[in-house]
Every structure is written in structure tokens, then in C-alpha cells.
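Notes follow once the structure below has been shown.
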Amino acid sequence: MLTSKQRAELRSLSNGLDTTLMVGKEGVTDMVIAEAENQLTARELIKGRVLESALMSAREVSDAICEATGADGVQTVGSKFVIYRVSEKKRQEEAAKRRAAAKAAANPVRKGAQARRAQAKKEREKKNEYFRQAAIQAAIERRRAQRGDND
């Protein structure tokens, strides 16, 4: 169920939409419902129109499609109607776009600091590995010297 503010926002978004769903004299058929499902999945918000030859009003068509698809009716004016349903696919795409934009607009100072820290860590690890190898080599030399003395 939509709140009045959500409904008002969706109405303003629907003003620029083209009518993409047409209901003719046969009324709300399985084909109309299937097309509404496809459009709702792709766009979330669709505008439809009921032709004059149809025996149903725009409100009846809107209610029937909303009931069949699980959508919410936003607006009905004259022979046109607007319906809305949240599309998980579209939400995921928008979230991916937001993450990409946030990553691109990341703080350059922070990036530089992170790069310097990573470089310093790499150098510390390199130095530690050098000293580990030197300690191992020294231990080997001491054992050889001890064996030479004991033999």
C-alpha cells in the first residue's frame, strides 16, 4: 500500500511517461496481464489506457491488473491509469549504479593515504622477510660451525 506522499511522487513521475499498455474491447485478458507483468518488472511504473470500445472503466481495469500482478494503483484519470510495483531487478541495478558512483567519487586524499599505508606495509613485509632469511642463514652457519667443532 502506498502512502499519499509516495503516490504523489509517482504521479509526478508518470506525467512524462508514454502510454505503453492498451486494453481493448476484450478487457483484461491473460495477454494484457502478462504484458503488464513484463513492463512492471522492467520499469516499475507503467501508464495504460482503456479504449472506448472496452466495456470496462479505467478504474475497473486498473483494479483487475493490480489484483492479478500484485501492483498498486497510483492514479486513474479519464481513460488512463497508472500502476506501480517494486521491481527487485531494477532495485539491484540501481544499487549497483550507486555503488559504482560512490566508488568513483571516493575521497582522493583518503585513497592516497590508503595507497601509502599499503606501500609501507609491503615494505615492512619485505624487510621482515629479509631479516627472517638472514636469521635462518645465521642459524645454519652456527650449526655448521658447531658440527665442525664437535667432529
Side-chain angles (χ1 to χ4, degrees), residues 1-140:
M1 193 70 182
L2 297 171
T3 65
S4 62
K5 288 190 178 199
Q6 290 171 330
R7 198 175 304 278
E9 176 69 23
L10 291 171
R11 275 197 309 267
S12 69
L13 291 173
S14 70
N15 284 337
L17 288 179
D18 292 330
T19 303
T20 56
L21 188 66
M22 300 284 190
V23 179
K25 64 181 177 181
E26 293 179 10
V28 181
T29 62
D30 292 337
M31 292 296 290
V32 171
I33 291 172
E35 182 61 26
E37 282 280 345
N38 290 339
Q39 289 186 22
L40 286 168
T41 301
R43 297 188 185 98
E44 290 187 340
L45 186 67
I46 60 172
K47 186 186 277 189
R49 180 170 179 238
V50 180
L51 300 178
E52 290 179 17
S53 61
L55 301 175
M56 301 173 77
S57 69
R59 171 72 65 192
E60 292 170 338
V61 170
S62 174
D63 290 343
I65 292 174
C66 288
E67 186 178 320
T69 61
D72 288 313
V74 175
Q75 180 181 25
T76 304
V77 176
S79 64
K80 294 189 179 181
F81 60 92
V82 178
I83 57 178
Y84 171 80
R85 182 180 71 190
V86 176
S87 170
E88 190 58 37
K89 178 182 173 184
K90 186 159 182 168
R91 294 283 179 223
Q92 290 173 353
E93 290 172 357
E94 289 172 358
K97 285 180 185 177
R98 282 194 303 272
R99 282 193 300 271
K103 197 172 193 179
N107 186 348
V109 174
R110 184 174 181 187
K111 277 186 176 181
Q114 288 174 340
R116 286 190 300 276
R117 281 190 210 115
Q119 182 64 30
K121 182 178 179 182
K122 203 181 281 186
E123 289 175 10
R124 276 194 313 272
E125 289 173 353
K126 187 176 178 182
K127 188 170 28 169
N128 287 342
E129 183 62 27
Y130 170 78
F131 285 117
R132 246 184 251 116
Q133 291 298 324
I136 291 170
Q137 199 63 28
I140 291 171

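Predicted model, so just to flag it, every value in this text is computed and none were measured.
Under 4.0 Å is where a charged nitrogen must lie from a carboxylate oxygen, and between R132 and E129 at least one such pair does. Ion pairing between E125 and K122 fails under the 4.0 Å rule for side-chain N and carboxylate O.
Side-chain contact between S57 and V50 is absent, with no heavy-atom pair separated by less than 4.5 Å. Side-chain contact between L17 and I46 is absent, with no heavy-atom pair separated by less than 4.5 Å. The shortest side-chain heavy-atom distance between T41 and K90 does not fall under the 4.5 Å cut-off. The side-chain heavy atoms of Y84 and E44, taken from C-beta on, include a pair separated by under 4.5 Å. Side chains of K47 and Q75 form no contact here, defined as non-hydrogen atoms less than 4.5 Å apart.
In the model, Q133 has no side-chain atom that pairs as donor or acceptor with a side-chain atom of Q137 under 3.5 Å.
Nearest heavy-atom pair, L2 versus Q6, reported as atom, atom and distance to 0.1 Å: CA-OE1, 3.4 Å. Taking both residues in full, the closest heavy atoms of A58 and G78 are given as CB-O, 3.4 Å, listed atom of the first, atom of the second, then distance. The two residues L40 and R85 come nearest to each other via the heavy atoms CB-NH2, 3.6 Å.
Screening I83, V74, V82 for a side chain to side chain contact (heavy atoms under 4.5 Å, CB included) involving L10 leaves a single residue, V74.
Note: N128 CG to E123 CD = 12.0 Å, rounded to the nearest 0.5 Å. Note that CG of L45 is 12.0 Å distant from CZ of R11, once rounded to the nearest 0.5 Å.
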